[in-house]
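Quantities reported herein were computed from a predicted structural model and do not represent experimental measurements.
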Amino acid sequence: MAWDGGLYLDLFAHSLALLWVIVPAVLFGIVIGALPGFSAANTLIILLPLTLSMGLDVALAFMTAVYASTHLGGGIPAILVNMPGDGGSAATTLDGYPMTLKGQGQQALVLCFVASTVGGLVTSLAVVALLPYLAPLGLYLRSVEMVVVMVFGLVLIAAIASDDMLKGLIAGFFGLMLGLIGTDNIYSTPRASFGFLELYDGVPIIAALIGLFAIAETFSMIERDTIVPETAVDTSKPRWADTIDGVRMCIKYWWQIVWTAFIGMLIGIVPGAGATIASFVGYQQSRMFSKTPELYGTGHPPGIIAPESANNGVTSGTLVPLMAIGVPGGATAAVMMVVLQYQGIVLGPRMFIETPELAYGVFIYMTMSYVVMLFTILPLARYMSKVVSMPTRIIVPLIITLTIIGAFANREYMFDMGLALAFAVLGYIAVKTNYHVIGILIGVLLGPLFEQYLLRSLRIGQGDLTVLFSSTLGNVLWAMVALSLILPWLRSRQTRRAQDRDASAEAGHGSLS
(Lines give C-alpha, C1' and ligand atoms only; values in the text may rest on other atoms or scores of the structure.)
Protein backbone atom coordinates (compact mmCIF):
# COMPACT_ATOMS: atom_id res chain seq x y z
CA MET A 1 0.00 0.00 0.00
CA ALA A 2 2.55 2.59 -1.11
CA TRP A 3 2.19 5.80 -3.06
CA ASP A 4 1.90 5.39 -6.83
CA GLY A 5 1.58 8.76 -8.59
CA GLY A 6 1.05 7.19 -12.00
CA LEU A 7 -1.85 5.10 -10.72
CA TYR A 8 -3.55 8.15 -9.18
CA LEU A 9 -3.19 10.16 -12.41
CA ASP A 10 -4.67 7.30 -14.41
CA LEU A 11 -7.59 7.02 -11.98
CA PHE A 12 -8.28 10.78 -12.12
CA ALA A 13 -8.25 10.63 -15.93
CA HIS A 14 -10.59 7.62 -15.84
CA SER A 15 -12.95 9.44 -13.44
CA LEU A 16 -13.27 12.22 -16.07
CA ALA A 17 -14.39 9.58 -18.54
CA LEU A 18 -17.07 8.51 -16.04
CA LEU A 19 -18.60 11.98 -15.69
CA TRP A 20 -21.56 10.75 -17.76
CA VAL A 21 -22.62 8.61 -14.77
CA ILE A 22 -21.23 10.79 -11.93
CA VAL A 23 -23.14 13.98 -12.87
CA PRO A 24 -26.66 12.39 -13.00
CA ALA A 25 -25.85 10.33 -9.90
CA VAL A 26 -24.89 13.50 -7.99
CA LEU A 27 -28.11 15.28 -9.00
CA PHE A 28 -30.16 12.18 -8.19
CA GLY A 29 -28.49 11.85 -4.78
CA ILE A 30 -29.12 15.49 -3.88
CA VAL A 31 -32.84 15.14 -4.69
CA ILE A 32 -33.09 11.86 -2.74
CA GLY A 33 -31.18 13.29 0.22
CA ALA A 34 -33.57 16.25 0.40
CA LEU A 35 -36.53 13.88 0.94
CA PRO A 36 -36.86 13.03 4.64
CA GLY A 37 -36.77 9.26 5.10
CA PHE A 38 -34.84 8.39 1.95
CA SER A 39 -31.19 7.73 2.77
CA ALA A 40 -28.28 6.64 0.62
CA ALA A 41 -28.51 3.11 2.05
CA ASN A 42 -32.17 2.39 1.23
CA THR A 43 -31.83 4.16 -2.15
CA LEU A 44 -28.85 2.00 -3.11
CA ILE A 45 -30.65 -1.12 -1.93
CA ILE A 46 -33.52 -0.25 -4.29
CA LEU A 47 -31.04 0.40 -7.11
CA LEU A 48 -28.91 -2.66 -6.33
CA PRO A 49 -30.19 -4.73 -9.31
CA LEU A 50 -29.35 -1.82 -11.61
CA THR A 51 -25.79 -1.50 -10.26
CA LEU A 52 -25.23 -5.23 -10.68
CA SER A 53 -25.91 -4.86 -14.40
CA MET A 54 -23.23 -2.16 -14.77
CA GLY A 55 -19.52 -2.60 -15.22
CA LEU A 56 -17.62 -2.60 -11.94
CA ASP A 57 -15.97 0.83 -12.32
CA VAL A 58 -19.26 2.41 -13.49
CA ALA A 59 -21.17 0.84 -10.58
CA LEU A 60 -18.57 2.09 -8.07
CA ALA A 61 -18.63 5.61 -9.54
CA PHE A 62 -22.45 5.63 -9.44
CA MET A 63 -22.66 4.38 -5.85
CA THR A 64 -20.01 6.71 -4.44
CA ALA A 65 -21.59 9.72 -6.19
CA VAL A 66 -25.08 8.89 -4.80
CA TYR A 67 -23.63 8.18 -1.36
CA ALA A 68 -21.70 11.45 -1.12
CA SER A 69 -24.44 13.69 -2.56
CA THR A 70 -27.28 12.41 -0.33
CA HIS A 71 -25.48 13.81 2.72
CA LEU A 72 -25.44 17.24 1.06
CA GLY A 73 -29.09 16.98 0.04
CA GLY A 74 -30.19 16.31 3.63
CA GLY A 75 -29.11 19.81 4.64
CA ILE A 76 -31.48 21.58 2.21
CA PRO A 77 -34.82 20.90 4.00
CA ALA A 78 -33.02 21.21 7.37
CA ILE A 79 -32.20 24.82 6.52
CA LEU A 80 -35.29 25.88 4.58
CA VAL A 81 -38.13 24.18 6.46
CA ASN A 82 -36.52 22.92 9.71
CA MET A 83 -36.82 19.23 8.75
CA PRO A 84 -33.58 17.28 8.29
CA GLY A 85 -33.39 14.92 5.32
CA ASP A 86 -31.54 12.38 7.48
CA GLY A 87 -29.99 12.03 10.94
CA GLY A 88 -26.70 13.49 9.72
CA SER A 89 -28.32 16.84 9.00
CA ALA A 90 -30.38 17.08 12.22
CA ALA A 91 -27.74 19.28 13.89
CA THR A 92 -27.87 21.63 10.87
CA THR A 93 -31.39 22.73 11.87
CA LEU A 94 -30.00 24.35 15.03
CA ASP A 95 -28.51 27.31 13.14
CA GLY A 96 -29.70 26.71 9.57
CA TYR A 97 -33.40 27.39 10.15
CA PRO A 98 -32.76 30.48 12.35
CA MET A 99 -30.76 31.94 9.43
CA THR A 100 -33.74 31.31 7.12
CA LEU A 101 -36.01 33.04 9.63
CA LYS A 102 -33.68 36.03 9.43
CA GLY A 103 -34.07 36.13 5.63
CA GLN A 104 -30.60 34.61 5.07
CA GLY A 105 -31.75 31.29 3.62
CA GLN A 106 -29.62 31.66 0.49
CA GLN A 107 -26.44 32.35 2.48
CA ALA A 108 -27.25 29.39 4.76
CA LEU A 109 -27.62 27.07 1.75
CA VAL A 110 -24.29 28.26 0.35
CA LEU A 111 -22.65 27.60 3.73
CA CYS A 112 -24.11 24.09 3.70
CA PHE A 113 -23.05 23.36 0.11
CA VAL A 114 -19.51 24.70 0.40
CA ALA A 115 -18.88 23.11 3.83
CA SER A 116 -20.26 19.75 2.63
CA THR A 117 -18.33 19.63 -0.62
CA VAL A 118 -15.04 21.07 0.65
CA GLY A 119 -15.20 18.94 3.83
CA GLY A 120 -15.85 15.81 1.76
CA LEU A 121 -13.18 16.78 -0.78
CA VAL A 122 -10.52 17.37 1.88
CA THR A 123 -11.16 14.05 3.62
CA SER A 124 -11.35 12.10 0.34
CA LEU A 125 -7.91 13.40 -0.64
CA ALA A 126 -6.61 12.77 2.89
CA VAL A 127 -7.83 9.17 2.76
CA VAL A 128 -6.12 8.61 -0.59
CA ALA A 129 -2.86 9.90 0.91
CA LEU A 130 -3.14 8.27 4.35
CA LEU A 131 -5.11 5.08 3.66
CA PRO A 132 -2.31 2.68 4.66
CA TYR A 133 -2.00 4.42 8.04
CA LEU A 134 -5.72 5.06 8.67
CA ALA A 135 -6.82 1.49 8.04
CA PRO A 136 -5.77 0.07 11.45
CA LEU A 137 -7.21 3.08 13.35
CA GLY A 138 -10.68 1.56 13.63
CA LEU A 139 -9.18 -1.37 15.53
CA TYR A 140 -8.03 0.94 18.34
CA LEU A 141 -11.51 2.33 18.97
CA ARG A 142 -13.24 -0.43 20.91
CA SER A 143 -16.29 -0.45 23.17
CA VAL A 144 -14.68 1.61 25.95
CA GLU A 145 -13.57 4.36 23.58
CA MET A 146 -16.97 4.29 21.84
CA VAL A 147 -18.69 4.93 25.18
CA VAL A 148 -16.75 8.18 25.43
CA VAL A 149 -17.52 9.11 21.82
CA MET A 150 -21.24 8.64 22.62
CA VAL A 151 -20.84 10.84 25.71
CA PHE A 152 -19.45 13.58 23.43
CA GLY A 153 -22.70 13.58 21.50
CA LEU A 154 -24.86 13.47 24.63
CA VAL A 155 -22.97 16.46 26.09
CA LEU A 156 -24.57 18.50 23.30
CA ILE A 157 -27.89 18.19 25.16
CA ALA A 158 -26.40 20.22 28.02
CA ALA A 159 -24.94 22.70 25.53
CA ILE A 160 -28.18 23.40 23.65
CA ALA A 161 -30.06 23.56 26.94
CA SER A 162 -27.85 26.28 28.38
CA ASP A 163 -30.65 28.88 28.15
CA ASP A 164 -33.11 26.63 30.00
CA MET A 165 -31.14 23.77 31.52
CA LEU A 166 -34.07 22.04 33.24
CA LYS A 167 -36.27 21.78 30.13
CA GLY A 168 -33.31 20.75 27.99
CA LEU A 169 -32.29 17.95 30.32
CA ILE A 170 -35.90 16.76 30.68
CA ALA A 171 -36.17 16.56 26.88
CA GLY A 172 -32.85 14.70 26.63
CA PHE A 173 -33.78 12.25 29.40
CA PHE A 174 -37.17 11.64 27.78
CA GLY A 175 -35.41 10.91 24.47
CA LEU A 176 -33.05 8.48 26.20
CA MET A 177 -36.04 6.59 27.66
CA LEU A 178 -37.63 6.39 24.20
CA GLY A 179 -34.32 5.16 22.84
CA LEU A 180 -34.33 2.24 25.29
CA ILE A 181 -37.59 0.83 23.90
CA GLY A 182 -37.03 -2.61 22.38
CA THR A 183 -35.09 -5.70 23.37
CA ASP A 184 -32.00 -5.27 25.52
CA ASN A 185 -28.58 -5.97 24.07
CA ILE A 186 -27.59 -8.78 26.46
CA TYR A 187 -30.60 -11.02 27.10
CA SER A 188 -32.92 -9.78 24.29
CA THR A 189 -35.68 -9.08 26.81
CA PRO A 190 -38.40 -6.75 25.38
CA ARG A 191 -38.72 -3.43 27.22
CA ALA A 192 -41.62 -0.98 26.88
CA SER A 193 -42.58 -2.42 23.50
CA PHE A 194 -46.23 -2.89 24.62
CA GLY A 195 -46.38 -6.14 22.65
CA PHE A 196 -45.64 -4.49 19.29
CA LEU A 197 -43.24 -6.74 17.36
CA GLU A 198 -42.32 -3.72 15.24
CA LEU A 199 -40.67 -2.16 18.30
CA TYR A 200 -38.49 -5.16 19.23
CA ASP A 201 -35.57 -3.69 17.27
CA GLY A 202 -36.06 -0.35 19.01
CA VAL A 203 -37.68 2.88 17.89
CA PRO A 204 -37.05 3.27 14.12
CA ILE A 205 -34.89 6.36 13.74
CA ILE A 206 -36.40 7.45 10.42
CA ALA A 207 -39.95 7.46 11.81
CA ALA A 208 -38.80 9.45 14.88
CA LEU A 209 -36.87 11.92 12.74
CA ILE A 210 -39.74 12.44 10.30
CA GLY A 211 -42.31 12.81 13.06
CA LEU A 212 -40.36 15.07 15.42
CA PHE A 213 -39.18 17.44 12.71
CA ALA A 214 -40.92 17.11 9.36
CA ILE A 215 -44.57 16.47 10.22
CA ALA A 216 -44.47 18.42 13.50
CA GLU A 217 -43.16 21.42 11.55
CA THR A 218 -46.05 21.13 9.07
CA PHE A 219 -48.46 21.39 12.02
CA SER A 220 -46.84 24.73 12.86
CA MET A 221 -46.84 25.80 9.19
CA ILE A 222 -50.63 25.39 8.99
CA GLU A 223 -50.87 28.38 11.34
CA ARG A 224 -49.10 30.56 8.74
CA ASP A 225 -49.67 31.47 5.07
CA THR A 226 -46.02 30.83 4.11
CA ILE A 227 -43.33 28.40 5.32
CA VAL A 228 -41.55 31.05 7.36
CA PRO A 229 -43.21 34.15 8.87
CA GLU A 230 -44.03 36.69 6.12
CA THR A 231 -41.57 39.17 7.62
CA ALA A 232 -38.73 36.73 6.82
CA VAL A 233 -39.77 36.16 3.20
CA ASP A 234 -37.43 37.89 0.76
CA THR A 235 -39.54 38.92 -2.25
CA SER A 236 -36.62 40.30 -4.24
CA LYS A 237 -35.22 38.46 -7.25
CA PRO A 238 -32.50 35.85 -6.61
CA ARG A 239 -29.12 37.58 -6.41
CA TRP A 240 -25.60 36.34 -6.95
CA ALA A 241 -24.51 38.81 -4.24
CA ASP A 242 -26.04 36.60 -1.53
CA THR A 243 -24.28 33.54 -2.93
CA ILE A 244 -20.96 35.39 -2.91
CA ASP A 245 -21.73 36.55 0.63
CA GLY A 246 -22.15 32.91 1.71
CA VAL A 247 -18.87 31.93 0.02
CA ARG A 248 -17.13 34.77 1.88
CA MET A 249 -18.46 33.42 5.18
CA CYS A 250 -17.04 29.99 4.32
CA ILE A 251 -13.64 31.51 3.53
CA LYS A 252 -13.76 33.35 6.87
CA TYR A 253 -14.42 30.09 8.71
CA TRP A 254 -12.27 27.82 6.48
CA TRP A 255 -10.51 26.30 9.46
CA GLN A 256 -13.87 25.15 10.89
CA ILE A 257 -14.53 23.24 7.65
CA VAL A 258 -11.16 21.48 7.75
CA TRP A 259 -10.96 20.32 11.34
CA THR A 260 -14.62 19.30 11.70
CA ALA A 261 -14.27 17.32 8.43
CA PHE A 262 -11.41 15.38 10.00
CA ILE A 263 -13.56 14.74 13.10
CA GLY A 264 -16.16 13.24 10.75
CA MET A 265 -13.56 11.16 8.93
CA LEU A 266 -12.15 9.69 12.16
CA ILE A 267 -15.64 8.85 13.47
CA GLY A 268 -16.53 7.34 10.09
CA ILE A 269 -13.58 4.96 10.30
CA VAL A 270 -15.13 3.37 13.39
CA PRO A 271 -17.48 0.57 12.23
CA GLY A 272 -21.01 1.25 13.49
CA ALA A 273 -20.55 4.99 14.04
CA GLY A 274 -21.97 7.28 11.38
CA ALA A 275 -22.93 10.69 10.06
CA THR A 276 -25.40 11.43 12.87
CA ILE A 277 -22.82 11.00 15.63
CA ALA A 278 -20.19 12.84 13.59
CA SER A 279 -22.41 15.87 12.96
CA PHE A 280 -23.41 16.21 16.63
CA VAL A 281 -19.82 15.78 17.85
CA GLY A 282 -18.62 18.25 15.18
CA TYR A 283 -21.23 20.81 16.29
CA GLN A 284 -20.44 20.30 19.97
CA GLN A 285 -16.67 20.64 19.45
CA SER A 286 -17.10 23.71 17.27
CA ARG A 287 -19.24 25.36 19.94
CA MET A 288 -16.80 24.45 22.70
CA PHE A 289 -13.78 26.03 21.00
CA SER A 290 -15.69 29.08 19.73
CA LYS A 291 -15.02 32.52 21.18
CA THR A 292 -18.75 33.25 20.87
CA PRO A 293 -20.53 30.04 21.96
CA GLU A 294 -23.60 32.06 22.96
CA LEU A 295 -24.29 32.78 19.26
CA TYR A 296 -24.79 29.09 18.43
CA GLY A 297 -28.46 28.29 17.93
CA THR A 298 -29.26 31.83 16.79
CA GLY A 299 -28.25 31.48 13.13
CA HIS A 300 -24.45 31.47 13.51
CA PRO A 301 -22.55 30.40 10.32
CA PRO A 302 -20.16 27.94 12.09
CA GLY A 303 -23.28 26.18 13.45
CA ILE A 304 -24.04 25.11 9.85
CA ILE A 305 -20.47 24.63 8.70
CA ALA A 306 -19.43 22.26 11.52
CA PRO A 307 -22.17 19.57 11.21
CA GLU A 308 -22.28 19.68 7.40
CA SER A 309 -18.52 19.37 7.07
CA ALA A 310 -18.42 16.56 9.66
CA ASN A 311 -21.23 14.49 8.10
CA ASN A 312 -19.55 14.61 4.69
CA GLY A 313 -16.19 13.79 6.24
CA VAL A 314 -17.85 10.54 7.35
CA THR A 315 -18.47 9.37 3.77
CA SER A 316 -14.84 8.64 2.98
CA GLY A 317 -14.12 7.49 6.55
CA THR A 318 -16.76 4.73 6.47
CA LEU A 319 -15.19 3.21 3.35
CA VAL A 320 -11.74 2.87 4.96
CA PRO A 321 -12.51 -0.24 7.08
CA LEU A 322 -14.47 -1.74 4.15
CA MET A 323 -11.54 -1.47 1.76
CA ALA A 324 -8.77 -2.20 4.27
CA ILE A 325 -10.17 -5.01 6.43
CA GLY A 326 -13.47 -5.95 4.77
CA VAL A 327 -15.67 -4.57 7.56
CA PRO A 328 -18.34 -2.07 6.38
CA GLY A 329 -18.33 1.17 8.38
CA GLY A 330 -22.03 1.79 7.80
CA ALA A 331 -25.21 0.65 6.04
CA THR A 332 -24.25 2.17 2.68
CA ALA A 333 -20.78 0.65 2.87
CA ALA A 334 -22.48 -2.73 3.51
CA VAL A 335 -24.48 -2.34 0.27
CA MET A 336 -21.26 -1.51 -1.58
CA MET A 337 -19.68 -4.61 -0.10
CA VAL A 338 -22.46 -6.74 -1.63
CA VAL A 339 -21.77 -5.31 -5.09
CA LEU A 340 -18.01 -5.78 -4.78
CA GLN A 341 -18.37 -9.35 -3.60
CA TYR A 342 -20.89 -10.08 -6.38
CA GLN A 343 -18.21 -8.96 -8.86
CA GLY A 344 -15.73 -11.39 -7.27
CA ILE A 345 -13.60 -8.76 -5.51
CA VAL A 346 -11.88 -9.94 -2.31
CA LEU A 347 -11.91 -7.10 0.24
CA GLY A 348 -9.05 -6.57 2.66
CA PRO A 349 -5.31 -5.86 2.47
CA ARG A 350 -4.88 -8.12 -0.58
CA MET A 351 -7.18 -5.82 -2.56
CA PHE A 352 -4.51 -3.08 -2.47
CA ILE A 353 -1.97 -5.47 -3.98
CA GLU A 354 -4.12 -7.38 -6.48
CA THR A 355 -6.59 -4.65 -7.62
CA PRO A 356 -5.22 -1.25 -6.44
CA GLU A 357 -7.18 0.53 -9.19
CA LEU A 358 -10.42 -0.50 -7.42
CA ALA A 359 -9.20 0.13 -3.86
CA TYR A 360 -8.04 3.67 -4.60
CA GLY A 361 -10.53 4.23 -7.42
CA VAL A 362 -13.46 4.47 -4.98
CA PHE A 363 -11.91 7.48 -3.26
CA ILE A 364 -10.88 9.10 -6.54
CA TYR A 365 -14.48 8.79 -7.82
CA MET A 366 -15.71 10.29 -4.56
CA THR A 367 -13.30 13.22 -4.94
CA MET A 368 -14.57 13.84 -8.47
CA SER A 369 -18.18 13.65 -7.19
CA TYR A 370 -17.50 16.45 -4.70
CA VAL A 371 -15.96 18.63 -7.42
CA VAL A 372 -19.04 18.06 -9.60
CA MET A 373 -21.30 18.80 -6.63
CA LEU A 374 -19.68 22.16 -5.93
CA PHE A 375 -20.10 23.39 -9.50
CA THR A 376 -23.63 22.06 -10.03
CA ILE A 377 -25.32 22.91 -6.74
CA LEU A 378 -23.89 26.34 -5.90
CA PRO A 379 -25.66 28.22 -8.74
CA LEU A 380 -28.98 26.65 -7.64
CA ALA A 381 -28.81 28.05 -4.08
CA ARG A 382 -30.35 31.37 -5.10
CA TYR A 383 -33.41 29.61 -6.54
CA MET A 384 -33.78 26.98 -3.81
CA SER A 385 -34.02 29.66 -1.11
CA LYS A 386 -37.27 30.89 -2.72
CA VAL A 387 -38.99 27.68 -1.59
CA VAL A 388 -39.76 29.41 1.72
CA SER A 389 -42.13 31.81 -0.05
CA MET A 390 -44.38 28.95 -1.23
CA PRO A 391 -47.91 28.99 0.23
CA THR A 392 -48.36 26.45 3.01
CA ARG A 393 -51.62 25.19 1.45
CA ILE A 394 -49.45 23.71 -1.33
CA ILE A 395 -46.31 22.69 0.53
CA VAL A 396 -47.89 21.12 3.65
CA PRO A 397 -49.86 18.33 1.88
CA LEU A 398 -46.81 17.68 -0.31
CA ILE A 399 -44.45 17.34 2.68
CA ILE A 400 -46.83 15.14 4.69
CA THR A 401 -47.37 12.80 1.71
CA LEU A 402 -43.65 12.44 0.92
CA THR A 403 -42.57 12.03 4.55
CA ILE A 404 -45.24 9.43 5.33
CA ILE A 405 -44.04 7.48 2.27
CA GLY A 406 -40.47 7.95 3.54
CA ALA A 407 -41.42 6.52 6.95
CA PHE A 408 -42.92 3.46 5.21
CA ALA A 409 -40.03 3.03 2.73
CA ASN A 410 -37.41 2.55 5.44
CA ARG A 411 -38.73 -0.81 6.77
CA GLU A 412 -41.94 -1.19 4.74
CA TYR A 413 -44.09 -1.38 7.90
CA MET A 414 -47.45 0.40 8.04
CA PHE A 415 -46.77 0.66 11.76
CA ASP A 416 -43.95 3.17 11.09
CA MET A 417 -46.38 5.57 9.41
CA GLY A 418 -48.53 5.69 12.54
CA LEU A 419 -45.43 5.98 14.72
CA ALA A 420 -44.23 8.98 12.68
CA LEU A 421 -47.59 10.68 13.30
CA ALA A 422 -47.33 9.93 17.05
CA PHE A 423 -43.85 11.48 17.11
CA ALA A 424 -45.24 14.45 15.17
CA VAL A 425 -47.78 15.14 17.93
CA LEU A 426 -44.98 14.79 20.52
CA GLY A 427 -42.74 17.18 18.55
CA TYR A 428 -45.53 19.74 18.14
CA ILE A 429 -46.29 19.71 21.86
CA ALA A 430 -42.55 20.05 22.64
CA VAL A 431 -42.21 23.08 20.36
CA LYS A 432 -45.31 24.77 21.79
CA THR A 433 -44.10 24.24 25.37
CA ASN A 434 -40.49 25.34 24.64
CA TYR A 435 -38.88 21.93 25.14
CA HIS A 436 -35.95 21.08 22.89
CA VAL A 437 -36.96 18.71 20.07
CA ILE A 438 -33.30 18.25 19.18
CA GLY A 439 -32.65 17.10 22.78
CA ILE A 440 -35.31 14.39 22.40
CA LEU A 441 -33.81 13.33 19.07
CA ILE A 442 -30.25 13.14 20.46
CA GLY A 443 -31.55 10.87 23.23
CA VAL A 444 -33.39 8.60 20.77
CA LEU A 445 -30.41 8.44 18.40
CA LEU A 446 -27.52 8.02 20.80
CA GLY A 447 -29.22 6.34 23.77
CA PRO A 448 -29.34 2.79 22.31
CA LEU A 449 -25.76 3.03 21.03
CA PHE A 450 -24.56 4.34 24.39
CA GLU A 451 -26.29 1.47 26.18
CA GLN A 452 -24.92 -1.10 23.73
CA TYR A 453 -21.28 -0.01 24.11
CA LEU A 454 -21.61 0.55 27.87
CA LEU A 455 -23.01 -2.95 28.50
CA ARG A 456 -20.39 -4.49 26.24
CA SER A 457 -17.62 -2.68 28.15
CA LEU A 458 -19.05 -3.76 31.51
CA ARG A 459 -19.16 -7.39 30.35
CA ILE A 460 -15.53 -7.15 29.33
CA GLY A 461 -14.71 -5.65 32.76
CA GLN A 462 -16.97 -8.20 34.53
CA GLY A 463 -19.13 -5.43 35.96
CA ASP A 464 -16.25 -3.25 37.13
CA LEU A 465 -16.91 0.41 36.17
CA THR A 466 -13.18 1.21 36.22
CA VAL A 467 -12.93 -0.62 32.88
CA LEU A 468 -14.19 2.63 31.35
CA PHE A 469 -10.87 4.23 32.41
CA SER A 470 -8.63 1.31 31.49
CA SER A 471 -7.61 2.53 28.03
CA THR A 472 -5.06 5.29 27.32
CA LEU A 473 -6.98 6.53 24.28
CA GLY A 474 -10.21 6.35 26.28
CA ASN A 475 -8.70 8.42 29.09
CA VAL A 476 -7.56 11.07 26.61
CA LEU A 477 -11.13 11.21 25.29
CA TRP A 478 -12.50 11.42 28.85
CA ALA A 479 -10.20 14.41 29.48
CA MET A 480 -11.63 16.06 26.35
CA VAL A 481 -15.18 15.44 27.59
CA ALA A 482 -14.27 17.07 30.92
CA LEU A 483 -12.82 20.05 29.04
CA SER A 484 -16.04 20.25 26.98
CA LEU A 485 -17.99 20.78 30.19
CA ILE A 486 -15.50 22.89 32.16
CA LEU A 487 -14.34 25.34 29.46
CA PRO A 488 -17.81 26.77 28.63
CA TRP A 489 -18.55 27.11 32.35
CA LEU A 490 -15.27 28.97 32.99
CA ARG A 491 -15.86 31.17 29.96
CA SER A 492 -19.40 32.13 31.01
CA ARG A 493 -18.14 32.83 34.55
CA GLN A 494 -15.43 35.08 33.13
CA THR A 495 -17.98 36.90 30.96
CA ARG A 496 -20.32 37.44 33.93
CA ARG A 497 -17.47 38.86 36.02
CA ALA A 498 -16.47 41.24 33.22
CA GLN A 499 -20.09 42.37 32.87
CA ASP A 500 -20.32 42.92 36.65
CA ARG A 501 -17.10 44.95 36.59
CA ASP A 502 -18.42 47.09 33.70
CA ALA A 503 -21.72 47.61 35.52
CA SER A 504 -19.88 48.60 38.73
CA ALA A 505 -17.64 51.00 36.80
CA GLU A 506 -20.65 52.60 35.09
CA ALA A 507 -22.44 52.92 38.44
CA GLY A 508 -19.33 54.52 39.99
CA HIS A 509 -19.00 56.91 37.05
CA GLY A 510 -22.67 57.85 37.38
CA SER A 511 -22.41 58.60 41.11
CA LEU A 512 -19.30 60.82 40.56
CA SER A 513 -20.97 62.74 37.80
Side-chain angles (χ1 to χ4, degrees), residues 1-30 33 40 44 56-73 112-135 250 254 257-266 268-269 275 278 308-324 329-330 332-333 336 340 351-352 355-378:
M1 287 192 276
W3 264 85
D4 186 344
L7 173 66
Y8 295 152
L9 284 176
D10 285 345
L11 287 171
F12 267 115
H14 188 54
S15 68
L16 290 173
L18 291 173
L19 281 176
W20 66 273
V21 70
I22 292 175
V23 172
V26 162
L27 296 174
F28 179 70
I30 291 170
L44 285 177
L56 184 56
D57 54 345
V58 176
L60 282 177
F62 177 80
M63 286 192 296
T64 50
V66 170
Y67 179 31
S69 52
T70 47
H71 283 289
L72 181 146
C112 166
F113 297 158
V114 175
S116 296
T117 51
V118 176
L121 196 59
V122 166
T123 51
S124 298
L125 291 172
V127 166
V128 170
L130 302 172
L131 188 56
Y133 312 101
L134 289 172
C250 288
W254 69 272
I257 297 176
V258 174
W259 75 270
T260 50
F262 278 103
I263 286 178
M265 184 187 75
L266 293 174
I269 291 171
E308 284 299 318
S309 182
N311 75 32
N312 275 271
V314 164
T315 53
S316 49
T318 52
L319 297 180
V320 171
L322 175 68
M323 296 297 170
T332 311
M336 293 182 74
L340 288 167
M351 186 179 180
F352 291 88
T355 51
E357 70 281 4
L358 291 178
Y360 292 105
V362 170
F363 299 102
I364 301 293
Y365 300 149
M366 185 170 282
T367 302
M368 184 56 67
S369 300
Y370 280 117
V371 174
V372 169
M373 251 187 271
L374 189 62
F375 287 102
T376 53
I377 195 71
L378 211 52

Peer 1: S316: which residues meet the side chain to side chain donor-acceptor pair (under 3.5 Å) condition with it, sequence neighbours left out?
Peer 2: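 If we apply the side chain to side chain donor-acceptor pair (under 3.5 Å) test to S316, skipping adjacent residues, the hits are T123.
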Peer 1: Return the minimal non-hydrogen interatomic distance between A68 and M366, and the atom names on each side.
Peer 2: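 Between these two residues, the closest heavy atoms are CB-CG, 4.4 Å.
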Peer 1: Just how far is it from atom CZ of F62 to atom OG1 of T64, taken to the nearest 0.5 Å?
Peer 2: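 Here the rounded value is 10.0 Å.
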Peer 1: What heavy-atom pair brings A61 and I22 nearest, and what distance separates the two atoms?
Peer 2: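 Between these two residues, the closest heavy atoms are CB-CG1, 4.1 Å.
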Peer 1: Under the side chain to side chain donor-acceptor pair (under 3.5 Å) rule, collect the residues that match up with S116, sequence neighbours excluded.
Peer 2: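 Applying side chain to side chain donor-acceptor pair (under 3.5 Å) to S116 gives E308, N312.
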Peer 1: Can you tell me how far CE of M265 sits from OG1 of T260, rounded to the nearest 0.5 angstrom?
Peer 2: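 If I round to the nearest 0.5 Å, the distance is 12.0 Å.
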Peer 1: Taking all atoms of both residues into account, what is the closest heavy-atom pair of V26 and A65, and its distance?
Peer 2: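 Of all heavy-atom pairs spanning V26 and A65, the closest is CG2-CB, 4.1 Å.
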Peer 1: Going by heavy atoms in the side chains, are L19 and M368 under 4.5 Å from each other?
Peer 2: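 L19 reaches M368 side chain to side chain.
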Peer 1: Which pairs with one or both residues in residues 11-26 pass side-chain hydrogen bond (donor to acceptor under 3.5 Å, both in side chains), sequence neighbours excluded?
Peer 2: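 As it turns out, the side-chain hydrogen bond (donor to acceptor under 3.5 Å, both in side chains) pairs with a partner in residues 11-26, which skip direct neighbours, are H14-D57.
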Peer 1: Check step by step if side chain to side chain contact (heavy atoms under 4.5 Å, CB included) holds for I30 and T70.
Peer 2: CA-CA 5 Å; I30 291 170; T70 47; over 6 Å; no
Peer 1: With side chain to side chain contact (heavy atoms under 4.5 Å, CB included) as the criterion, how do V122 and I257 come out once you've worked through the C-alpha distance, each side chain's angles and the decisive distance to 0.1 Å?
Peer 2: CA-CA 9 Å; V122 166; I257 297 176; 5.8 Å; no
Peer 1: Ignoring hydrogens, what is the shortest heavy-atom contact between S69 and G29? Give both atom names and the distance.
Peer 2: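 Closest approach of S69 to G29, heavy atoms only: OG-CA, 3.2 Å.
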Peer 1: Between Y365 and M63, does a side chain to side chain contact (heavy atoms under 4.5 Å, CB included) hold up when you go through it step by step?
Peer 2: CA-CA 9 Å; Y365 300 149; M63 286 192 296; over 6 Å; no
Peer 1: Can you list the steps and then say if T315 with Y370 is a side chain to side chain contact (heavy atoms under 4.5 Å, CB included)?
Peer 2: CA-CA 11 Å; T315 53; Y370 280 117; 2.7 Å; yes
